[in-house]
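Whatever order the structure lists ligands and atoms in, that order sets their numbers, starting from 1. Keep in mind the model is a prediction, meaning the values are calculated, not measured.
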Amino acid sequence: MASSEEDGTNGGASEAGEEKEAPGRRRRLGLLATVWLTFYNIAMTAGWLVLAIAMVRFYMEKGTHKGLYKSIQKTLKFFQTFALLEIVHCLIGIVPTSVIVAGVQVSSRIFMVWLITHSIKPIRFLGHICACHVAWTVTEITRYSFYTFSLLDHLPYFIKWARYNFFIILYPVGVVGELLTIYAALPYVKKTGMFSIRLPNKYNVSFDYYYFLLITMASYIPLFPQLYFHMLRQRRKVLHGEVIVEKDD
Ligand SMILES: CCCCCCCCCCCCC[C@@H](O)CC(=O)SCCNC(=O)CCNC(=O)[C@H](O)C(C)(C)COP(=O)(O)OP(=O)(O)OC[C@H]1O[C@@H](n2cnc3c(N)ncnc32)[C@H](O)[C@@H]1OP(=O)(O)O
């Protein structure tokens with residue numbers, strides 16, 4: 001999963017009004033793209049901050065995570081769904097992140113939010129979901145504030161440090177939380193047959209959501225290490241200035 005920056009294509013950036021850059025230097029975006037991304041990143045930082053404050057307040061008031069999902073679900077769904085724009089940013093070339101990397105990252109979260117927690121009520125009180133939400137929230141506050149300060153050319157070192165260190169723990173925590181949540185959903189999905197299409201039907205098509213979930217869980221095995229090692233490479237590049245040459249896959 002090589003980034004376009006590394007393979008020299010500049011992610012289609014020139015079409016989006018960017019200038020070509022010397023390797024290792026920050027890319028310069030057009031005014032419109034800079035304004036939009038600054039607005040987007042500030043909105044996302046604020047959204048995830050609101051979520052963090054709501055989680056802390058809930059826990060302090062109630063002393064339990066039970067009922068937390070109900071109180072945060074609207075904000076969570078809104079800001080996580082808004083993150084679909086990240087795939088659009090990659091596609092139109094205003095950010096150089098690989099579309100595949102952003103696509104896998106965003107779609108797994110959308111899947112968790114809408115097709116698991118929104119759709120399967122009995123699993124909402126589980127601690128695993130809480131673990132994912134905490135991991136996502138800390139990550140996103142750090143990540144979007146990193147992008148915002150970078151765009152404004154005033155990036156405090158501790159935000160850069162946090163962006164490229166927190167994931168070492170938070171990524172596995174989030175992934176284990178997601179996998180345990182899907183696992184906990186399996187009996188309910190099997191019992192209810194939800195989102196499944198049985199034969200015979202006039203289109204002669206069958207789909208079993210239970211097996212889809214098993215395949216999704218299995219897909220974490222090849223995909224997650226790729227994302228994790230990608231972040232470790234980014235960490236070496238950004239924090240330690242290593243030049244990393246990657247092959248396109
Ligand atoms: C339908 C069923 C689907 C099922 C899918 C199953 C998939 C299974 C595996 C998936 C596992 C994912 C699990 C996950 O959900 C769990 C968690 O997230 S737990 C919490 C911890 N998570 C993390 O730490 C996430 C880490 N990931 C990331 O940080 C990024 O999301 C990543 C997409 C990996 C990209 O990182 P990368 O470093 O490659 O690129 P960047 O995007 O940070 O930066 C590259 C340059 O682009 C500039 N940029 C990017 N976005 C913006 C923006 N919004 N505004 C401004 N600039 C932006 C950035 O500054 C960089 O620029 P430069 O190179 O000039 O510095």
From [options] - option closest to [atom] by heavy atom:
{"atom": "atom 12 (C) of ligand 1", "options": "Ser108, Gly177, Ala33", "answer": "Ser108"}
{"atom": "atom 52 (C) of ligand 1", "options": "Val134, Leu179, Ile168, Val95", "answer": "Val95"}
{"atom": "atom 49 (N) of ligand 1", "options": "Tyr220, Phe146, Tyr147, Tyr164", "answer": "Tyr147"}
{"atom": "atom 25 (C) of ligand 1", "options": "Phe166, Phe111, Phe167, Tyr171", "answer": "Tyr171"}
{"atom": "atom 38 (O) of ligand 1", "options": "Lys237, Arg235, Gln234, Arg143", "answer": "Gln234"}
{"atom": "atom 15 (O) of ligand 1", "options": "Glu86, Glu178, Glu140", "answer": "Glu178"}

Under-4.0 Å heavy-atom contact with ligand 1, by part of [X] that carries it:
{"X": "Leu227", "value": "side chain"}
{"X": "Asn41", "value": "side chain"}
{"X": "Met112", "value": "neither"}

Mark up the atoms of ligand 1 that fall under 4.0 Å of a heavy atom belonging to [X], in ascending order.
{"X": "Gly174", "value": "19 (S)"}
{"X": "Gln105", "value": "14 (C), 15 (O), 18 (O), 25 (C), 27 (N), 31 (O)"}
{"X": "Thr216", "value": "4 (C)"}
{"X": "Arg109", "value": "15 (O), 17 (C), 18 (O)"}
{"X": "Ala135", "value": "20 (C)"}
{"X": "Leu223", "value": "7 (C), 9 (C)"}
{"X": "Val175", "value": "13 (C)"}
{"X": "Thr97", "value": "35 (C), 40 (O), 41 (P), 42 (O), 44 (O), 45 (C), 47 (O), 50 (C)"}

Q. Any idea how Tyr171 and Phe224 line up, ring-wise: parallel (<30°), tilted (30 to 60°), or perpendicular (>60°)?
A. perpendicular
Q: Could you tell me how the ring of Trp36 sits relative to the ring of Tyr40: parallel (under 30°), tilted (30 to 60°) or perpendicular (over 60°)?
A: tilted
Q.
Check whether Phe146 forms a cation-pi arrangement with Arg163 (NZ or CZ under 6.0 Å from the six-membered ring centre, at most 45° off the ring normal).
A. yes
Q) Hey, does the Lys NZ or Arg CZ of Lys66 hover above the aromatic six-ring of Phe125, less than 6.0 Å from the centre and inside 45° of the axis? A) no
Quick one: does [X] get an N or O within less than 3.5 Å of an N or O on ligand 1?
{"X": "Tyr144", "result": "no"}
{"X": "Ser219", "result": "no"}
{"X": "Ser150", "result": "no"}
{"X": "Tyr40", "result": "no"}
{"X": "Arg163", "result": "yes"}

Check whether any side-chain heavy atom of [X] sits under 4.5 Å from a side-chain heavy atom of [Y], and report yes or no.
{"X": "Met217", "Y": "Leu186", "result": "yes"}
{"X": "Thr142", "Y": "Leu170", "result": "no"}
{"X": "Val113", "Y": "Trp136", "result": "yes"}
{"X": "Arg233", "Y": "Tyr228", "result": "no"}
{"X": "Leu76", "Y": "Trp48", "result": "yes"}

Q) Do Val176 and Ile168 belong to the same hydrophobic cluster, where Ile, Leu, Val, Met, Phe, Trp and Tyr are linked whenever their side-chain heavy atoms lie under 4.5 Å apart, directly or via other members? A) no
Q: Could you walk me through whether Val35 and Leu31 pass side chain to side chain contact (heavy atoms under 4.5 Å, CB included), step by step?
A: CA-CA 6 Å; Val35 171; Leu31 181 65; 4.1 Å; yes
Q | Ring-ring centroid check Phe207 Phe212, cutoff 6.0 Å | A | yes
Q) Would you call Arg109 and Glu86 a salt bridge, using N to O less than 4.0 angstrom? A) no
